[in-house]
Amino acid sequence: MGEVCDLAMRLPLSFYNRPALTVARELLGKVLVHDAPNGRRAGCIVETEAYVGEHDLACHASKGRTKRTEVLFGPPGRAYVYFIYGMYYCLNVVTEPEGIAAAVLLRALEPLGGVPPGLFTNGPGKLCRAMEVSLAHNREDLRGKRLFIEDAPQIPKSRIERGPRVGVEYSGPWAQRPYRFWIRGNRFVSAPRRSTRNT
DNA sequence: CTATTGATGGTC
DNA sequence: ACCATCAATAGG
């Protein structure tokens, strides 16, 4: 059996060329693949966050066009990787037509293969570490050779939960908007949830 | 269980 | 000075 289907399975440009909120919801269940030097690593996307444009005060693009945010203004379907807190990378998917600076942050994966034992994928920083994603992937086309997202059956809305984004308290009213999406009950969703109240 | 803090460096 | 994080620590 060959791998003739590989290219066909990648999500098409039209998937990314839509509102960030739509892409964030529909990315759940899709498969992130990195053909790293040491081998293929893959995981099912189980948690995302939408950053909807320059007017979104939590979006990096709200600072305007800079060297760092330039990629957000570019064509959809590319990777936006940034370095944060001196030691972590975060991976985003650029969405919406060129000129509109929106993106979806990948926050958690359910490991499917190639992820070394002891590495976790429940959180944006850990996800990049486990998948070996770094600044080297910034601006890369996500329908490319080594880093891509494969199509998979859509997760029904009844199995999707949403809530406020994590770590953006500085953005005022935007902090409360329910732009974070995750698969209900999935054990690989990142931890920071407040009401762990049992009854 | 909750709350706080240190690590560590790019960005503006 | 701030930060789309995380692990470790201290306290109840």
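Letters A, B, ... mirror the listed sequences (proteins, then strands); counts begin at 1. A quick note: this is a predicted structure, and the numbers were derived from the prediction, not measured.
- At the heavy-atom level, A/Gly86 lies under 4.0 Å from base atoms of the strands shown.
- A distance of 6.0 Å or more separates the ring centres of A/Tyr51 and A/His60.
- Using modelled atom types and a 3.5 Å distance limit, the side chains of A/Glu47 and A/Ser190 yield a donor-acceptor pair.
- Distance A/His60 NE2 to B/dC12 P: 10 Å, rounded to the nearest Å.
- B/dT8 is unpaired under the criterion used here, namely a Watson-Crick or G-U wobble arrangement in which both key atom distances are under 3.5 Å.
- Looking at heavy-atom distances under 4.0 Å, A/Arg68 makes contact with sugar-phosphate atoms alone, never a base.
- For the residue pair A/Asn17/A/Glu96, the side-chain donor-acceptor check at 3.5 Å is not satisfied.
- In the set C/dT5, B/dC12, C/dA7, the nucleotide with an atom closest to the side chain of A/Lys126 is C/dA7.
- Side chain of A/Phe83, nearest nucleotide from C/dA4, C/dC6, B/dG9: B/dG9.
- Separating the OH atom of A/Tyr89 from the P atom of C/dC3 is a distance of 21 Å, rounded to the nearest angstrom.
- A/Ile84 has its CD1 atom 18 Å from the P atom of B/dA7, to the nearest Å.
- You'll find a donor-acceptor pair under 3.5 Å spanning the side chain of A/Tyr82 and the base of C/dA4, going by distance alone.
- Proximity of A/Tyr85 to the phosphate of B/dG6: no side-chain N or O atom is located under 4.0 Å from OP1 or OP2.
- Phosphate contact (OP1/OP2 of C/dT5, side-chain N/O of A/Arg107, threshold under 4.0 Å): present.
- Remark: A/Arg10 qualifies as a cation-pi partner of A/Phe148 under the 6.0 Å distance and 45° angle criteria applied to the six-membered ring.
- Phosphate contact (OP1/OP2 of B/dG10, side-chain N/O of A/Lys67, threshold under 4.0 Å): absent.
- Taking atom CG of A/Leu106 as the reference point, atom P of C/dT5 lies 13 Å away to the nearest angstrom.
- Between the CD atom of A/Glu169 and the P atom of C/dT5 there is a distance of 10 Å, rounded to whole Å.
- A straight line from CD of A/Glu47 to P of C/dT5 spans 10 Å, rounded to a whole angstrom.
- Put simply, CE on A/Met87 is 12 Å from C1' on B/dT5, counting in whole angstrom units.
- Taking atom OH of A/Tyr51 as the reference point, atom P of C/dC3 lies 13 Å away to the nearest angstrom.
- The cationic atom of A/Arg184 (NZ for Lys, CZ for Arg) does not lie both less than 6.0 Å from the six-membered ring centre of A/Trp182 and within 45° of the ring axis.
- Base pairing of C/dA4: no nucleotide in any strand meets the Watson-Crick or G-U wobble criterion (both distances under 3.5 Å).
- Among the atoms of the strands shown, only primed sugar atoms or phosphate atoms (P, OP1, OP2) are found under 4.0 Å from some heavy atom of A/Thr66.
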